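Here's the structure, in structure tokens; my notes come after.
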Amino acid sequence: MNFQTRKWVKPEDLNPNGTLFGGRLLEWIDEEAALYTIVQLENRHIVTKFMSEINFINAPVQGDIIELGIEAIGFGNSSITLRCEVRNKLTHQEILSIEKIVMVNLGADGKPAPHGKTKVEYVKDRLR
Ligand SMILES: CCCCCCCCCCCCCCCC(=O)SCCNC(=O)CCNC(=O)[C@H](O)C(C)(C)COP(=O)(O)OP(=O)(O)OC[C@H]1O[C@@H](n2cnc3c(N)ncnc32)[C@H](O)[C@@H]1OP(=O)(O)O
């Protein structure tokens, strides 16, 4: 699991209970999954197709630094399946997990298109 992105929980991210609004966290996760997919599949034309159960484990509060982790757990024909974990940056306390996020690679016609990828790639290797 690669924890690439850190977020600082600010007043505008809070729900009326004073903890991180779940919808805000899901927005951050969707963006992270989209960026991960664009980099892996080398195509900007992708969409989120499916998310499995979302387990909100612990609620962050204002001022917390959290980090978002994504890993690829499967490559299909047009899809890539990801797993997501969010945790507190400093304590590593678990905040959320999503076991399955399916992202789909689209062609210019907006329909699913084969991406031709079978494993995780690293940009540094592509640049060699
Ligand atoms: C030149 C252009 C420049 C563009 C410049 C872009 C700028 C940078 C843009 C960044 C973009 C960011 C995006 C952010 C994230 C969003 O906000 S995306 C918005 C929310 N998502 C949507 O609106 C998607 C709406 N859904 C759809 O359009 C259609 O369902 C889809 C995704 C085209 C798929 O259609 P479909 O008929 O289900 O296609 P189908 O061939 O049956 O399945 C496709 C794949 O999905 C899998 N699948 C289908 N249903 C399921 C399911 N229920 N569960 C699991 N897997 C499933 C299939 O198994 C298949 O996988 P493979 O076997 O091919 O690997």
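Counting starts at 1 for both ligands and their atoms, in listed order. The structure displayed is predicted, hence computed values, not measured ones.
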**Study point:** Polar contact flag for Asn77 and ligand 1 (N/O pairs, less than 3.5 Å)
**Key:** yes

Review point. Is there at least one pair of N or O atoms, one from Arg44 and one from ligand 1, spaced under 3.5 Å apart?
Key: no

Side chain [X], main chain [Y], donor-acceptor under 3.5 Å:
| X | Y | value |
| --- | --- | --- |
| Asn17 | Thr19 | no |
| Asp64 | Ile66 | no |
| Asn88 | Pro60 | no |
| Arg24 | Glu12 | yes |
| Asn105 | Ser78 | no |
| Asn77 | Pro114 | no |

Numbered atoms and elements of ligand 1 in range of [X], under 4.0 angstrom, heavy atoms:
| X | answer |
| --- | --- |
| Val104 | 45 (C), 46 (O) |
| Gly76 | 65 (O) |
| Ala34 | 12 (C), 14 (C) |
| Val102 | 55 (C), 56 (N) |

Side chain, backbone, both or neither: which part of [X] comes within less than 4.0 Å of ligand 1 when only heavy atoms are counted?
| X | answer |
| --- | --- |
| Ser79 | both |
| Val47 | both |
| Thr48 | both |

Determine, counting only non-hydrogen atoms of the protein, whether one lies under 4.0 angstrom from [atom].
| atom | value |
| --- | --- |
| atom 56 (N) of ligand 1 | yes |
| atom 23 (O) of ligand 1 | no |
| atom 27 (C) of ligand 1 | no |
| atom 38 (O) of ligand 1 | yes |
| atom 16 (C) of ligand 1 | yes |

Can you report which non-hydrogen protein atom sits closest to [atom], along with the distance?
| atom | answer |
| --- | --- |
| atom 44 (C) of ligand 1 | Ser78 OG, 3.5 Å |
| atom 53 (N) of ligand 1 | Phe50 CD1, 3.8 Å |
| atom 34 (C) of ligand 1 | Pro112 CG, 3.9 Å |

Please find the pair of heavy atoms, one from [X] and one from [Y], that lie closest to each other, and give the distance.
| X | Y | value |
| --- | --- | --- |
| Ala72 | Leu82 | CA-CD2, 3.9 Å |
| Pro112 | Val104 | CB-CG1, 3.9 Å |
| Gln62 | Lys10 | CG-C, 4.5 Å |
| His45 | Asn43 | N-OD1, 3.0 Å |
| Leu26 | Ile98 | CD2-CD1, 4.4 Å |

Point to revise | Of the listed options Leu35, Ile38, Asn43, Ile46, closest to atom 11 (C) of ligand 1 (non-hydrogen atoms) | key: Ile46

Study note, to complete from the structure: Nearest non-hydrogen contact to atom 30 (O) of ligand 1 from the set Glu31, Lys49, His45 belongs to Lys49

**Study point:** Test applied, side chain to side chain contact (heavy atoms under 4.5 Å, CB included); reference residue, Gln40; option that passes from His115, Glu121, Lys117
**Key:** Glu121

